[in-house]
Colleague: 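This structure is in structure tokens; I'll ask about it shortly.
Values in this document were obtained by computation on a predicted structure and should not be read as measured data. Counting convention: from 1, in listed order, for ligands and their atoms alike.
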Amino acid sequence: MDTLLAARGLLKDYGKVQAVRGIDLAVASGACLGLLGPNGAGKTTTLEMLEGITLPSGGAILYRGEPLGAGFRHRAGIMFQDTALPEHITVRETLRMFASLYPRTRPLDELVERCALGEYLDRDNRRLSGGQRQRMLLAIALVNDPDILFLDEPTTGLDPQARHNFWALIEDVKAEGKTVLLSTHYMEEAYTLCDEIAIMDHGEVIARGTPDELLARHFSDVVLQLPPDAVPGGPDALPLPARQGPEGLEIETCDVNAAIAALLAAGVSLSGLRIRSRTLEDLFLELTGKALRA
Ligand SMILES: Nc1ncnc2c1ncn2[C@@H]1O[C@H](COP(=O)(O)OP(=O)(O)OP(=O)(O)O)[C@@H](O)[C@H]1O
């Protein structure tokens, strides 16, 4: 597939802070690329350079093989991390206002339906819930019918249901063939939406690939989980190396039969035992020694 947007050796320094330290990225037309990483990894700075709103300290960005030009803003839709919506005006008035900024726009009725805003058109922006607000910001980002959509942590702060609803909207946007760049620190979000993931830490891309490729490349084992209170003595009382995970005692093993036999032989109760596959969260922990979410 054609590369729509590419970055080579992208750098950004803020004084002594090296926010982005020379990253290469290529986003295929129609694909969704996720930048996954903890707070301060450099995701927003990278997105802002790719959006053309922050000047890189070094490196190059090409859109359809050409440097970003003045016309790029008409081809891009941006949902910033913290956008203040204008107050004392309604959803309808806000959408009309943003539409007036572009020569080519998407029909507003269709946008309203797409982003499930029909019930709120006459509501003041101040009265929108978190999920409604994010849908409104998505509608604004889509108002110019962009080819490429940038979403900077679009579901941070939403409850799980609102987050899942938002993901469904992004799936629809992807189904239209639009290219999406997304930053997130939710590994489930990246796993659900992204065709390819770049894991960032300290301004660098430390791993890149499809979610399944990344997991297959780094792990051949599974994790046995025992409830937190299954073993009174904690991980040290088990016959196998184990650690205290967020949801209980965790044992990593490539041989489930042998691990279970060893636990039974040691008299460990297996009630409540679960077996889970490795996740991007595990991968991040493995690569950096720290959890993705602080
Ligand atoms: N305008 C700025 N001036 C100085 N330092 C900045 C500026 N913007 C970002 N930084 C620093 O650059 C680094 C990367 O920040 P950035 O916001 O890109 O990370 P992030 O991965 O998007 O984090 P978050 O998940 O919290 O949004 C951080 O150390 C941050 O403090």
Colleague: Considering only non-hydrogen protein atoms, determine which one is nearest to atom 6 (C) of ligand 1 and report residue, atom name and distance to 0.1 Å.
Modeller: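 Protein heavy atom with the smallest distance to atom 6 (C) of ligand 1: Tyr14 CD1, 3.2 Å.
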
Colleague: Any donor-acceptor pair under 3.5 Å linking the side-chain atoms of Asp145 with those of Tyr102?
Modeller: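 Distance-only check fails for Tyr102 and Asp145.
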
Colleague: Among all protein heavy atoms in this structure, tell me which lies nearest to atom 17 (O) of ligand 1, with the distance rounded to 0.1 Å.
Modeller: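 Sorting protein heavy atoms by distance from atom 17 (O) of ligand 1 puts Thr44 CB, 3.7 Å first.
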
Colleague: Which of the numbered atoms in ligand 1 are below 4.0 angstrom from a heavy atom of Ala41?
Modeller: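 Matching atoms, with element in brackets: 19 (O), 20 (P), 21 (O).
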
Colleague: Residue-level breakdown please: for Pro38 versus ligand 1, do any non-hydrogen atoms fall below 4.0 Å on the side chain, on the backbone, on both, or on neither?
Modeller: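 The answer is the backbone.
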
Colleague: What residue and atom, counting heavy atoms only, is the protein's closest point to atom 25 (O) of ligand 1, and at what distance?
Modeller: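 Scanning the protein heavy atoms, the shortest distance from atom 25 (O) of ligand 1 goes to Glu153 OE2, 2.6 Å.
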
Colleague: For ligand 1, which atoms, with element, lie under 4.0 Å from some heavy atom of Lys43?
Modeller: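 What qualifies from ligand 1 is 18 (O), 19 (O), 20 (P), 21 (O), 22 (O), 23 (O), 24 (P), 25 (O).
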
Colleague: Checking a contact table here: which protein heavy atom is nearest atom 16 (P) of ligand 1, and how many Å away?
Modeller: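 Ranking protein heavy atoms by distance from atom 16 (P) of ligand 1, first comes Thr45 OG1, 3.6 Å.
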
Colleague: Taking heavy atoms and a distance under 4.0 Å, where does Met200 meet ligand 1: side chain, backbone, both or neither?
Modeller: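 The answer is neither.
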
Colleague: What's the shortest distance from atom 30 (C) of ligand 1 to any protein heavy atom, and which residue and atom give it?
Modeller: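 Of the protein heavy atoms, Val17 CG1, 4.9 Å lies nearest.
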
Colleague: Provide, to 0.1 Å, the distance between atom 12 (O) of ligand 1 and the closest protein heavy atom, together with that atom's residue and name.
Modeller: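 Answer, as residue, atom name and distance: Ala19 CB, 3.2 Å.
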
Colleague: Looking only at protein heavy atoms, identify the closest one to atom 23 (O) of ligand 1 and say how far it is in Å.
Modeller: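 Its nearest protein heavy-atom neighbour is Gly40 N, 2.7 Å.
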
